[in-house]
Engineer: 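Following this message is one structure expressed as structure tokens.
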Protein chains: 2
Amino acid sequence: MLRPSGDLTMADIARMAGVSESTVSRALAGSSRVAASTRQRIAELASATRYTVNESARSLRLGRTRTVEVLIPIEPDNPQSISDPFFLDLLGAIADALTARGYDLLLSKSPPWGKTPRGNSLVSGRADGMIIIGQGKRLQELRDLAQAHAQIVVWGAHLDGEDYTIVGGDNREGGRLACAHLIGLGRTRIAFMGDYRLPEIRLRHQGYLEAMGAAGLSVDGALVVPAKFDRESAFAAAQALIAGAPDVDGVVASSDVIAMGVISALAQAGRRTPADVGVVGYDDIYSAAWFNPSLTTISQSIRRGGDALVDALFARMAGEPAANVLLPAQLIVRASCGAQGLTKTKRGSRRSNP
Amino acid sequence: MLRPSGDLTMADIARMAGVSESTVSRALAGSSRVAASTRQRIAELASATRYTVNESARSLRLGRTRTVEVLIPIEPDNPQSISDPFFLDLLGAIADALTARGYDLLLSKSPPWGKTPRGNSLVSGRADGMIIIGQGKRLQELRDLAQAHAQIVVWGAHLDGEDYTIVGGDNREGGRLACAHLIGLGRTRIAFMGDYRLPEIRLRHQGYLEAMGAAGLSVDGALVVPAKFDRESAFAAAQALIAGAPDVDGVVASSDVIAMGVISALAQAGRRTPADVGVVGYDDIYSAAWFNPSLTTISQSIRRGGDALVDALFARMAGEPAANVLLPAQLIVRASCGAQGLTKTKRGSRRSNP
DNA sequence: CTGTTAGCGCTTTCAG
DNA sequence: CTGAAAGCGCTAACAG
């Protein structure tokens with residue numbers, strides 16, 4: 001490991017300044033219990049020698065690391081990688097929020113359950129708190145972890161009675177909005193595509209059913225198709241959908257990537273979007289506005305999500321309670337449902353609220 | 001900070017097992033110098049009590065952190081955020097490579113120069129090495145940092161005589177390939193768009209000039225337009241280009257995002273892509289294949305880039321020399337230059353070599 | 001094969 | 001206002 005600039009330690013600075021280590025420590029911490037002149041002298045010395053406090057020693061002594069772990073658990077059977085655009089946008093927002101608080105971000109992909117050789121960072125004292133992106137399918141493991149450690153906040157679905165704070169979009173309302181939009185445009189045979197083993201998707205599915213019910217439209221099994229998050233399985237699932245429900249005229253896709261796969265499959269089957277089938281996506285990822293046709297989708301206000309996650313985590317780390325946060329779902333109308341005719345959204349309108 | 005499960009320390013485990021701390025330490029490290037039966041017993045005890053070694057103490061003692069910092073420096077005047085698709089893809093590749101080696105990833109956005117309150121992780125002993133994404137415009141600061149610390153690897157342009165190992169795409173060849181492709185399709189008034197204050201872009205620009213020269217085509221000032229990395233400035237820059245060089249029939253854009261902005265601006269000015277103007281992008285980001293028209297672009301084999309960065313860093317951390325790595329640039333032909341007529345690339349062909 | 005001992009670099013009582 | 005001393009939890013000589 002590189003030591004602070006040329007193996008310089010606090011004892012060295014103390015010797016050079018002709019004071020004790022304690023005084024250096026206090027001076028560098030900005031304590032008013034040290035003479036202003038001494039403080040000044042030490043500050044200059046530290047800066048001139050490029051000395052920096054060794055954070056490992058500091059963490060050991062203080063029992064705090066000033067580090068937060070962000071965990072993006074990837075299940076082995078889930079092809080969704082860390083490169084999924086939505087996750088990455090959220091990660092960027094979290095990074096900004098943590099930086100603003102002077103905390104470091106430890107990025108991790110391996111879930112703390114299962115055989116982790118070194119244990120997870122929270123348990124092994126490498127981080128003061130943990131943000132987990134997505135509950136995944138291992139709800140029980142997550143529950144156990146949260147029971148053992150209070151400093152956990154999760155991005156995901158708003159389940160009841162969990163021990164961790166949940167921040168997430170209003171998935172039920174999002175699903176409802178997407179479906180209602182299609183219904184409002186006169187579609188009646190509307191399909192839902194997504195992996196409803198995931199809590200968030202299950203809620204979107206419920207919203208979809210709610211909208212269908214409210215409009216008096218019936219839903220049969222052929223209209224609800226499981227689909228994983230990558231483009232290829234979405235494409236395959238869409239082909240199954242077309243075979244099972246040839247009269248489909250609308251699709252509520254549970255992610256933008258799925259929506260893109262669906263539109264491709266429809267095109268290959270000779271169905272035009274939006275003329276023959278309207279499609280709504282979810283997430284409003286970067287490419288949604290660029291896709292052809294541009295995607296009507298549900299936006300999750302990622303920036304606010306990052307802030308809310310970090311706020312809640314710091315509350316919990318301070319021993320305070322932190323309520324769940326439900327971020328509003330917003331419908332972004334573009335071309336893929338036909339509501340705009342062939343008009344494109346205005347250039348650059350990637351997010352509704354940048 | 002959460003202590004290893006219920007404030008359990010190695011001394012506790014030692015007491016429970018009826019051995020000394022050293023034995024526990026050795027047993028947990030898998031040392032063969034401890035009886036297999038003892039080792040077994042301690043392992044079970046640790047697992048039952050959910051004990052994990054405290055990493056802060058371990059790092060302090062060992063002088064190593066098993067952590068690598070990945071720095072994505074964002075200059076204040078550069079709107080390119082951490083959410084830039086290319087950076088994020090590369091980050092994902094690096095995360096995988098580090099995980100495979102059992103290292104943690106500390107993500108950071110603030111450059112170590114300038115007033116960083118806590119110093120950077122390398123100097124403050126929070127990381128054993130550092131991967132910096134992009135040289136940015138602060139070459140001298142980077143040079144100083146690399147002179148002080150050997151454990152630095154940079155993704156970027158292959159400059160000569162730097163103290164750090166450089167891994168990056170063959171930018172010159174990429175620029176040349178892009179331009180030669182357009183020339184091969186009969187274009188003669190080919191523009192270059194990008195911020196050539198950045199070393200990587202400067203090399204792409206050189207490749208562009210090389211191809212133009214080899215074909216005996218002249219380049220005048222109106223054809224070379226500075227453009228930042230966001231869509232809006234690319235759009236504005238493209239408008240300037242059209243005004244200054246109305247006869248332009250090809251564009252080498254220094255990123256896919258810029259290419260998208262250019263195509264939008266061209267469309268607004270009544271120029272069709274690829275019919276009137278052929279456009280080549282750079283990076284092969286996620287949306288490149290989805291854009292309409294799909295982007296012909298230069299792929300940088302990001303996965304190999306992540307591996308090469310991590311390999312080189314570990315070599316340097318071991319005190320060994322690590323040569324620069326030049327990754328081949330590959331032309332991905334899609335629709336935006338007219339080489340395919342209106343044929344789309346095969347679905348799902350996001351990367352040339354996944 | 002196992003235990004004793006020292007110390008990584010820092011912060012913080014407790015004295016002065 | 002400053003210093004001396006203790007100790008955070010761990011690992012690695014050095015003995016036995």
Engineer: Which atom pairs, donor and acceptor, lie under 3.5 Å between side-chain atoms of residues 27-38 of chain B and protein residues at least two apart or in another chain?
Structural biologist:
unit_1 : atom_1 : unit_2 : atom_2 : d
B:S31  : OG     : B:R33  : N      : 2.9

Engineer: In this structure, how many angstroms lie between the P atom of C:dG9 and the CG atom of B:N54, rounded?
Structural biologist: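 My rounded result for the distance is 17 Å.
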Engineer: By side chain to side chain donor-acceptor pair (under 3.5 Å), which residues pair with A:R41, not counting sequence neighbours?
Structural biologist: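 In terms of side chain to side chain donor-acceptor pair (under 3.5 Å), with neighbours along the sequence ignored, A:R41 is linked to no residue.
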Engineer: Measure from CZ on B:R61 to P on D:dG7 and round the result to the nearest Å.
Structural biologist: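 Rounded to whole Å, this separation is 19 Å.
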Engineer: Whole Å only: how far is the CG atom of B:D12 from the C1' atom of D:dC10?
Structural biologist: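 Result: 13 Å.
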Engineer: From A:T67 OG1 over to A:D128 CG, what is the distance, rounded to the nearest 0.5 angstrom?
Structural biologist: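 Here the interatomic distance stands at 6.5 Å.
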Engineer: The criterion is side-chain contact (heavy atoms from CB on, under 4.5 Å); which residues satisfy it with B:D12, sequence neighbours excluded?
Structural biologist: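 Partners of B:D12 under the side-chain contact (heavy atoms from CB on, under 4.5 Å) test: B:L8, B:T9, B:R15.
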Engineer: Expressed in angstrom and rounded to an integer, what is the separation of A:R58 atom CZ from C:dC10 atom P?
Structural biologist: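 Atom CZ in A:R58 sits about 10 Å away from atom P in C:dC10.
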Engineer: Please state how far atom CZ in A:R15 lies from atom P in C:dG9, giving the value in whole angstrom units.
Structural biologist: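 Taking CZ of A:R15 and P of C:dG9, I get 12 Å after rounding.
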Engineer: Going from CG on B:L107 to CG on B:L91, what distance comes out if it is rounded to the nearest 0.5 angstrom?
Structural biologist: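 With rounding to 0.5 Å, CG (B:L107) is 5.5 Å from CG (B:L91).
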Engineer: Check side-chain contact (heavy atoms from CB on, under 4.5 Å) between A:A14 and all other residues, then give those that pass, not counting sequence neighbours.
Structural biologist: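 A:A14: side-chain contact (heavy atoms from CB on, under 4.5 Å) contacts with A:E21, A:V24.
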Engineer: Quick one: is D:dC10 close enough that its OP1 or OP2 comes under 4.0 Å of any side-chain N or O from B:Y51?
Structural biologist: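 So the side chain of B:Y51 is within the cut-off, an N or O lying under 4.0 Å from OP1 or OP2 of D:dC10.
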Engineer: What nitrogen or oxygen pairs link the protein and nucleotides 2-4 of chain D at under 3.5 Å?
Structural biologist:
unit_1 : atom_1 : unit_2 : atom_2 : d
D:dT2  : OP1    : A:T38  : OG1    : 3.1
D:dT2  : OP2    : A:A35  : N      : 2.7
D:dT2  : O4     : A:R33  : NH2    : 2.7
D:dG3  : OP2    : A:S20  : N      : 2.8
D:dG3  : OP2    : A:S20  : OG     : 3.2
D:dG3  : OP2    : A:T23  : OG1    : 2.7
D:dG3  : N7     : A:R26  : NH2    : 2.9
D:dG3  : O6     : A:R26  : NH1    : 3.3
D:dG3  : O6     : A:R26  : NH2    : 3.2
D:dA4  : N7     : A:S22  : OG     : 3.4
D:dA4  : N6     : A:S22  : OG     : 3.0

Engineer: Ion pair present between A:D104 and B:R126, side-chain N to carboxylate O less than 4.0 angstrom?
Structural biologist: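 Looking at B:R126 together with A:D104, the answer is yes, because their closest N to O distance falls below 4.0 Å.
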Engineer: Provide, to the nearest angstrom, the distance between the CZ atom belonging to B:R126 and the C1' atom belonging to C:dC10.
Structural biologist: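 These atoms are roughly 14 Å apart.
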Engineer: Choosing from D:dT11, D:dG9, C:dC10, which nucleotide comes nearest the side chain of A:T9?
Structural biologist: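 Selected nucleotide: C:dC10.
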Engineer: Hey, can you pull the residues of residues 39-47 of chain B with a non-hydrogen atom under 4.0 angstrom from DNA chain D?
Structural biologist: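 Under 4.0 Å from DNA chain D: no residue of residues 39-47 of chain B.
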Engineer: Taking only residues two or more places apart in sequence, or in another chain, which ones meet A:E162 in a side chain to side chain donor-acceptor pair (under 3.5 Å)?
Structural biologist: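 Expected list: A:R143, A:Y164.
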Engineer: Between C:dC10, C:dC8, D:dC10, which nucleotide has the shortest distance from any of its atoms to the side chain of A:A57?
Structural biologist: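 That would be C:dC10.
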Engineer: Let me have the donor-acceptor pairs involving side chains of residues 310-324 of chain B, under 3.5 Å, with sequence neighbours excluded, atom names and distances please.
Structural biologist:
unit_1 : atom_1 : unit_2 : atom_2 : d
B:D311 : OD1    : B:R101 : NH2    : 2.8
B:R316 : NE     : B:A150 : O      : 2.7
B:R316 : NH1    : B:D163 : O      : 3.4
B:R316 : NH1    : B:T165 : OG1    : 2.7
B:R316 : NH2    : B:A150 : O      : 3.4
B:R316 : NH2    : B:D163 : O      : 2.8
B:N324 : OD1    : B:I166 : N      : 2.8

Engineer: Please report, rounded to the nearest Å, how far the C1' atom of D:dC10 is from the CZ atom of B:R66.
Structural biologist: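 Going from CZ in B:R66 over to C1' in D:dC10 covers 15 Å.
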Engineer: Can you tell me the distance, in whole Å, between the CG atom of A:L60 and the P atom of D:dG9?
Structural biologist: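 Rounding to the nearest Å, CG of A:L60 and P of D:dG9 are 7 Å apart.
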